[in-house]
**Q** 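If you scroll down you'll find the structure; I have some questions about it.
Both backbone and side-chain heavy atoms feed into the values below; hydrogens, waters and symmetry mates do not. These numbers come from a predicted model, not from an experiment.
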Amino acid sequence: QVQLVESGGGSVQSGGSLRLSCAASGDTYSSSYMGWFRQAPGKEREGVAAIDSDGSTSYADSVKGRFTISQDNAKNTLYLQMNSLKPEDTAMYYCAADQIYWWLLPNYNYWGQGTQVTVSS
């Protein structure tokens with residue numbers, strides 16, 4: 001079992017920045033692969049960024065060049081640095097983990113409770 005707890009969400013103006021954190025605990029082998037997802041009201045959950053066990057990353061086209069996923073293995077923490085935020089980035093953001101790499105597909109086995117990001121124009 002893996003427990004994931006996100007933090008760092010909030011309200012910012014367009015062009016601002018936020019850094020999300022996701023603290024993982026439990027069976028760290030089952031969190032070898034991790035990702036960030038988001039879901040806006042009335043929309044499907046979409047993959048934002050993912051990172052595999054060797055540090056290779058993948059990003060949705062909509063966030064490339066603005067968001068950066070990283071992890072601190074010593075702290076079992078996943079990060080998402082979000083710069084140049086836009087109103088369309090407004091959503092609940094979730095981190096996810098699994099022992100299988102699902103890239104940006106929402107098939108990960110473990111999920112956090114989410115943290116809200118709101119970007120105003």
Side-chain angles (χ1 to χ4, degrees):
Q1 291 291 325
V2 176
Q3 293 77 44
L4 303 172
V5 179
E6 302 98 333
S7 60
S11 297
V12 295
Q13 291 190 330
S14 182
S17 298
L18 284 173
R19 188 177 81 154
L20 305 183
S21 299
C22 172
S25 60
D27 179 7
T28 55
Y29 172 73
S30 294
S31 60
S32 298
Y33 304 96
M34 301 187 75
W36 285 100
F37 292 77
R38 66 186 181 188
Q39 188 167 19
K43 294 188 176 181
E44 293 185 353
R45 188 168 296 189
E46 64 171 346
V48 174
I51 187 165
D52 71 14
S53 59
D54 69 3
S56 297
T57 57
S58 297
Y59 295 94
D61 288 344
S62 59
V63 306
K64 280 181 182 176
R66 300 188 299 123
F67 290 12
T68 302
I69 188 172
S70 63
Q71 60 186 15
D72 184 333
N73 290 326
K75 296 182 178 179
N76 291 327
T77 301
L78 181 74
Y79 301 100
L80 184 69
Q81 178 67 44
M82 304 186 296
N83 299 327
S84 302
L85 282 162
K86 305 175 180 180
E88 51 264 43
D89 294 319
T90 295
M92 184 72 77
Y93 283 71
Y94 300 89
C95 72
D98 206 329
Q99 59 187 12
I100 301 171
Y101 192 37
W102 294 104
W103 298 86
L104 299 177
L105 296 175
N107 297 342
Y108 290 77
N109 197 27
Y110 302 100
W111 293 84
Q113 82 290 348
T115 185
Q116 178 68 37
V117 172
T118 302
V119 184
S120 58
S121 58

**Q** Exactly one of L20, T57, V63 should register a side-chain contact (heavy atoms from CB on, under 4.5 Å) with I69. Which one does?
**A**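 With I69 as partner, L20, T57, V63 yield a single side-chain contact (heavy atoms from CB on, under 4.5 Å), made by T57.
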**Q** Any chance the side chains of T77 and D72 put a donor and an acceptor closer than 3.5 Å?
**A** no
**Q** Check whether any side-chain N or O of D98 sits under 3.5 Å from a backbone N or O of N109 as a donor-acceptor pair, and report yes or no.
**A**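 Side chain of D98 to backbone of N109, a donor-acceptor pair under 3.5 Å: yes, one is there.
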**Q** How close do L78 and C95 get, counting heavy atoms only, and between which atoms?
**A**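 Heavy-atom minimum between the residues: CD2-CB, 4.2 Å.
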**Q** Determine yes or no for a side-chain-to-main-chain donor-acceptor pair under 3.5 angstrom, with T90 supplying the side chain and V119 the backbone.
**A**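 Looks like yes, one N/O pair under 3.5 Å.
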**Q** Tell me whether D61 is salt-bridged to K64, with the criterion being a basic N under 4.0 Å from an acidic carboxylate O.
**A**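 Judged by the 4.0 Å cut-off on N to carboxylate O distance, D61 and K64 do form a salt bridge.
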**Q** Rounded at 0.5 Å granularity, tell me how far CG in L4 sits from OH in Y108.
**A** 12.0 Å
**Q** Checking E6 side chain against G114 main chain: does a donor-acceptor pair fall under 3.5 Å?
**A** yes
**Q** Main chain of S121, side chain of S14: is a donor-acceptor contact present, judged purely on distance under 3.5 Å?
**A**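 Not confirmed, S14 side chain does not pair with S121 backbone.
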**Q** Among T118, T115, V117, D89, find the one that has a side-chain contact (heavy atoms from CB on, under 4.5 Å) with L18.
**A**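 For L18, the side-chain contact (heavy atoms from CB on, under 4.5 Å) check succeeds only for V117.
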**Q** Under a 3.5 Å distance rule, please check whether Y59 uses its side chain to pair with a backbone N or O of R66 as donor and acceptor.
**A** no
**Q** Hey, do the aromatic rings of W111 and F37 have their centres closer than 6.0 Å?
**A** yes
**Q** Both conditions, 6.0 Å and 45 degrees, for the charged tip of R45 above the ring of Y94: are they met here?
**A**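 That pair qualifies as a cation-pi contact.
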**Q** Could you check whether any side-chain N or O of W36 sits under 3.5 Å from a backbone N or O of Y79, counting only pairs where one atom can act as donor and the other as acceptor?
**A** yes
**Q** If you compare all heavy atoms of V48 against all heavy atoms of Y93, which two are closest, and at what distance to 0.1 Å?
**A**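 So the minimum-distance heavy-atom pair works out to CG2-CE2, 4.3 Å.
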**Q** So with a 6.0 Å cut-off around CD of Q113, is the heavy-atom count from everything else above 12?
**A** yes
**Q** Taking all non-hydrogen atoms of both residues into account, name the closest pair between M92 and Q116 and its distance.
**A**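 Smallest interatomic distance, heavy atoms only, reads SD-N, 3.5 Å.
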